[in-house]
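To start, the structure itself, in structure tokens.
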Amino acid sequence: MNRILIVTAVEAEAEALRKGLPGGAAEPGVSVLAGGVGAANAAAATARALALDGGYGAVISAGIGGAFRGKAELGELLLARRVVAADLGAQTPPDAEHPDGFLSVDELGFGSSAAEGGRLPGVRAVVGTILTVNCATGTEERAGELTRRYPDAVGEGMEGYGVAAAAALFDLPFAEIRAVSNFVGRREREAWRIGPALAALTAAARPIAEGLQAC
Ligand SMILES: O=C(O)c1cccc(C(=O)CC[C@H]2O[C@@H](n3cnc4c(=O)[nH]cnc43)[C@H](O)[C@@H]2O)c1
């Protein structure tokens, strides 16, 4: 049986997931690793784990995340059909072709800023594009720019694209799941609901593990 590697950013997210696994932290089919915040940390930690242990059959990026308003509610789960590194590219003076003044690495000819996300059977989630950003959105203006550029985006996090890049290097299927702790937009730290989001990760752990192990 192939094991699943779940990569979170911080230990609180990893603990929330381990708590929900049928065997807890000792669940034989699943390893949960806190790889650090941001795509670079996530990619490095994931690649290291996959290089040290060839027994993994799938990789999941999981954690809390922001939802674009109207796409999902606090405490709900988001599942990536696609992940996009939303700020990986170059600024350019706005023109008719690029009214938002941004050129993606795809447009620059330097590869792809997107990766496909897989299904997680048995997990109820809002499905759409999840953006990976290096700088968490903190204004309504920036949230608007992102939704205009990626109308199918349901939320954002900071690690998905990094985990996807490492999984691709090892030819492994990848999925990203985010429990909504906040809305993407004006920074309102006191409005974040991290507890319910971590509880949603705990509730999702068993269906994630059982669904993927059955595949
Ligand atoms: O704004 C703050 O004061 C602040 C304090 C602590 C943490 C943060 C983060 O931005 C945490 C980033 C961390 O959580 C994920 N996450 C959760 N919500 C979002 C979001 O709306 N946009 C981007 N990332 C988010 C992310 O994956 C990181 O692991 C801020």
Side-chain angles (χ1 to χ4, degrees), residues 5-18 32-46 49 59-80 82-89 102 113-115 117 120 125-126 128-150 152-167 174-205 208:
L5 175 64
I6 304 181
V7 183
T8 67
V10 297
E11 198 52 47
E13 295 165 325
E15 270 307 304
L17 283 157
R18 290 185 196 113
V32 189
L33 165 73
V37 171
N41 284 321
T46 305
V59 186
I60 299 174
S61 171
I64 62 169
F68 288 100
R69 283 183 200 280
K71 299 293 178 81
E73 298 304 321
L74 297 175
E76 282 193 301
L77 294 172
L78 308 176
L79 176 67
R82 192 171 75 114
V83 298
V84 177
D87 48 20
L88 188 59
F102 178 78
S113 56
L120 292 177
V126 174
T129 293
I130 300 182
L131 306 180
T132 302
V133 294
N134 284 301
C135 180
T137 297
T139 65
E140 294 301 332
E141 188 190 3
R142 176 65 177 157
E145 279 173 22
L146 291 171
T147 47
R148 276 190 295 280
R149 196 186 309 148
Y150 307 106
D152 56 349
V154 292
E156 71 171 35
M158 298 175 73
E159 293 82 24
Y161 179 79
V163 177
F174 158 83
E176 179 177 8
I177 189 144
R178 296 261 151 209
V180 179
S181 54
N182 58 283
F183 292 110
V184 179
R186 188 173 186 279
R187 180 168 176 261
E188 281 179 303
R189 195 63 182 83
E190 57 292 347
W192 282 40
R193 295 289 175 267
I194 293 178
L198 293 176
L201 288 179
T202 301
I208 291 173

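First listed ligand is number 1; within each ligand, the first listed atom is number 1.
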With the side chain counted from C-beta on, respond yes when Val180 and Glu73 share a heavy-atom pair under 4.5 Å apart, and no when they do not.
no
Is any side-chain heavy atom of Arg82 closer than 4.5 Å to a side-chain heavy atom of Asp152?
yes
Less than 4.0 angstrom from a charged side-chain N to a carboxylate O is my criterion; do Arg142 and Glu145 meet it?
yes
Does the side-chain contact (heavy atoms from CB on, under 4.5 Å) test come out yes or no for Val84 and Ser113, once each step is laid out?
CA-CA 6 Å; Val84 177; Ser113 56; 4.2 Å; yes
Quick one, Met158 with Val133, criterion side-chain contact (heavy atoms from CB on, under 4.5 Å). Give me CA distance, side-chain angles, the key distance, then yes/no.
CA-CA 5 Å; Met158 298 175 73; Val133 294; 4.2 Å; yes
Residue shell for ligand 1, any heavy atom closer than 4.0 Å, reads Ala9, Ile64, Gly65, Gly66, Ala136, Glu156, Gly157, Met158, Glu159, Arg178, Ser181, Asn182, Arg187, Arg189, Trp192
If you look only at distance, which donor and acceptor atoms sit under 3.5 Å apart when one is on a side chain in residues 182-202 and the other is two or more places apart or in another chain?
from   : atom 1 : to     : atom 2 : distance (Å)
Arg193 : NH1    : Glu190 : O      : 3.2
Thr202 : OG1    : Ala16  : O      : 2.7
Thr202 : OG1    : Leu198 : O      : 3.2

